[in-house]
Every structure is written in structure tokens, then in C-alpha cells.
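Taking it in order: structure first as C-alpha cells, then the write-up.
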Amino acid sequence: MTALLQVTGLTKHYPGRDGVVQALRGVDFEVGYRETVALVGESGCGKSTAAMTLMRLSEPDSGSVTLGGADLGELARRDRRALGKRLSIVFQNPYSSLDPRQRIRNIVGEPLKTAFGLSGRPLEERVAELLEQVGLTAEQMRRYPHELSGGQRQRVAIARSLALEPELLVLDEPTAALDVSVQAQVLNLLQDLQERLDLSYLLITHDLSVVEVMAARVLVMYLGRIVESGPVEDVFGSPRHPYTRSLLDSIPIPDPRLRAQLKPPLGEAPSPLNLPAGCAFAPRCPRASERCKGEDPALAAEGRRAFACFHPLEKEFVP
Ligand code: ADP
Ligand code: MG
């Protein structure tokens, strides 16, 4: 069976005063039916740009995105609302993504009004149902965002994203702005919803513990490219790309004795404005050779894994 979401050769640049940022440099990946795929990488590597171009909130320079075989670029041009019935996005910050002047009823009901022309009693009933689905009460539809807690606000954002019954949710750091105790509750909710509604998730996060809890597969992104992908237990248990190794080593560890055993931190990423000719990780890579400085390795599959490296780490036994 083919995947639900297929992304091929996605590129996007941003012109700026200081030069051109190559935010996406040919990104390929898939998300299966009812699958959660995590997208990880340092800040600025292009994760949100990938989300925005998938959603067609920003037009990619090139590449194709299909969902269940339908071309999303074409769909967005023809009928923006039809796109919303197929996929939807939840942003990191429910403070800024929810209109503070609107009651929850309007925030969650707005897509139902515009896409289905719902109003009055049927609209109210559907909003109540959506709120209950995310663990809120129908009574809360009368409230404004500022009257709710951070976790409740993110639940409202999720309810809104589910209004048109999409097949895929793009979750861009959905719990990063929440307290740790609330994060787990929202992640639980997302897992429940996935089961109940047969959803697929593309989960963007910089928190590798979130990946372990939520995702079956992970995509590791570095300066606009996927450099490693595969099942989470394989990629985290035995990374092949030196960048993935560094990313795992850079997880903050509270115990100072353990921290002392860690490898030195990665250091600054090269500017996305002046990328080196070869592998963009070469300037920071302990294994880089002359070849890496002149030639950019392609992402090549090895079993269920794929990595883009001329000098991959040894495969370790993953229990
Ligand atoms: P991430 O979500 O992984 O932190 P982004 O996709 O937000 O990364 O950004 C990727 C690169 O593109 C960064 O160098 C960022 O500064 C740049 N960028 C993102 N959005 C814009 C924009 N609207 N205009 C110009 N540059 C942008
Ligand atoms: Mg981002």
C-alpha cells in the first residue's frame, strides 16, 4: 500500500537582505496511514518551513506533496477549503494561534461555518462534540482564550484542527510551550485521538523524549535536508549519521557526573546563507574527509533506514 502523505523533492528559499536562505534543499519523506512520523533537528533547520509548505500556507519553490494520491498544490489552488478537509496544522503556541477576541465557540466553529455552512443549533452541537472530544466541556465554548489554561488552549487548537475531520495533522512543537506536567496530558490526548479517529501525524519536535513516546519513525533534518530516517528504536539506538549521534549526545542531562562524560557540544551550525559546497555537516563533523567537503552525499536506503553520509557510524546491535 502506498503511503498517505508523500513528499518529494521539496525546496524552499527565502530571499533576505543578507542573502538567500536555503530553508529546504530537496526533502523527501512519507507518512503512512495511522502512522506518527517525527521530524527533529536543531532550531532553524527548516522544520516549520516544511510544515508551512506542506500546508500550502507558503508556496514551495519546487517539489510535490500528495495526500492519498491528491496533489496538495493543485488542491489548494482549486479550493483552499478542500485542503482543510484533508490535513490541518496545530502550532506551538496556543496564545498566538487563537484569536484573543473570539469566544471558543467561534474559534472552533469558524472552519465549520466556512467549509460546511453550519450555523445555529447544528453548529453549536458540533462545537460541543469537538470540545468533548479533546477533554473540554461544552460549557467552555462561551469562554475567551485568556480565560483558559495553556493546556486547555492547546486542546482548543486541536479541536479546531479536527473540525473538518482531516486525515493528517501536522503538529509543529505542539507541547513546547506547555508546562512539563501538561505536556504529557496533551500527548496522551493526541494518542487517544489517533486511535479513535484513525489519524496520521507529522510531529515536529526538538524534544527527543517526545519522539520516543509518540513516533514509530523519525526523520532527522539538518540545514534543509533529511540526513537520516528510520524506525525510532533503530535511529536512536544506533544512529548511522554523525549528526544524529551529536543530536542524541546534546540532550540536556541534569546529573552533572553523567554530563561530564558527554562529548563536547556541537557548536554553531554554519549559516544557512553560506552553505559549504559538500556536506553541510562537514564543518562540524569529526569524521569528515576531503570528499565530504566537495560532494554532498545523497540519502541512501539500507533496509528500513536511510542516511546521507560517506562515513557512517558502525551499526550497533539494538536490543
Ligand atoms: P525550524 O522550524 O526548524 O526552527 P524554520 O523553518 O523556521 O526552522 O527556518 C529555517 C530557516 O529559514 C532559518 O534560517 C530561518 O531563519 C529561515 N526563515 C524561516 N522563515 C522565514 C521567513 N518567513 N523569511 C525569511 N527567512 C525565514
Ligand atoms: Mg519551527
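Side chains are part of it too, since the values below use all heavy atoms of this structure and drop only hydrogens, waters and symmetry mates. Counting starts at 1 for both ligands and their atoms, in listed order.
Of all the atoms in ligand 1, the ones that sit under 4.0 Å from a non-hydrogen atom of A23 are 12 (O). For ligand 1, the atoms closer than 4.0 angstrom to any heavy atom of P272 are 14 (O). Every atom of ligand 1 is numbered from 1 in the order shown, and the set under 4.0 Å from a heavy atom of S48 is 1 (P), 2 (O), 6 (O), 7 (O). Near G44, with a cut-off below 4.0 Å to any heavy atom, the atoms of ligand 1 are 1 (P), 3 (O), 4 (O), 8 (O), 10 (C), 11 (C), 13 (C), 14 (O).
Residue R121 qualifies as open at atom CZ: its count of foreign heavy atoms under 6.0 Å is 12 or below. By the 6.0 Å contact criterion, CD on E139 is enclosed, its count of non-hydrogen atoms from other residues, nucleotides or ligands being greater than 12.
Checking E35 against S200 by side-chain atom types alone, no donor-acceptor pair falls below 3.5 Å.
Remark: R196 does not engage D192 in a salt bridge, criterion side-chain N to carboxylate O under 4.0 Å. Between K47 and D172 there is no salt bridge, since no side-chain N of the basic residue sits under 4.0 Å from a carboxylate O of the acidic one.
Protein heavy atom at the shortest distance from atom 8 (O) of ligand 1 is G46 N, 3.2 Å. For atom 23 (N) of ligand 1, the nearest non-hydrogen atom of the protein is Y14 CE2, 3.7 Å. Looking at atom 6 (O) of ligand 1, its nearest protein heavy atom turns out to be T49 OG1, 2.6 Å.
Considering both main-chain and side-chain atoms, V21 never comes within under 3.5 Å of ligand 1 through any nitrogen or oxygen pair.
The distance from the Mg ion (ligand 2) to the nearest N/O/S atom of Q92 is not under 2.8 Å.
Contact annotation: S43 has at least one heavy atom less than 4.0 Å from an atom of ligand 1.
Each of E314, E228, E302 was scored for a side-chain hydrogen bond (donor to acceptor under 3.5 Å, both in side chains) with R240, with one residue passing: E302.
Put simply, atom 15 (C) of ligand 1 has no protein non-hydrogen atoms near it, under 4.0 Å away.
When all heavy atoms of P166 and L199 are compared, the pair lying nearest together is O-CD2, 3.3 Å.
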Between V227 and M221, is a side chain to side chain contact (heavy atoms under 4.5 Å, CB included) present by the stated rule, with each step listed?
-> CA-CA 6 Å; V227 296; M221 197 173 197; over 6 Å; no
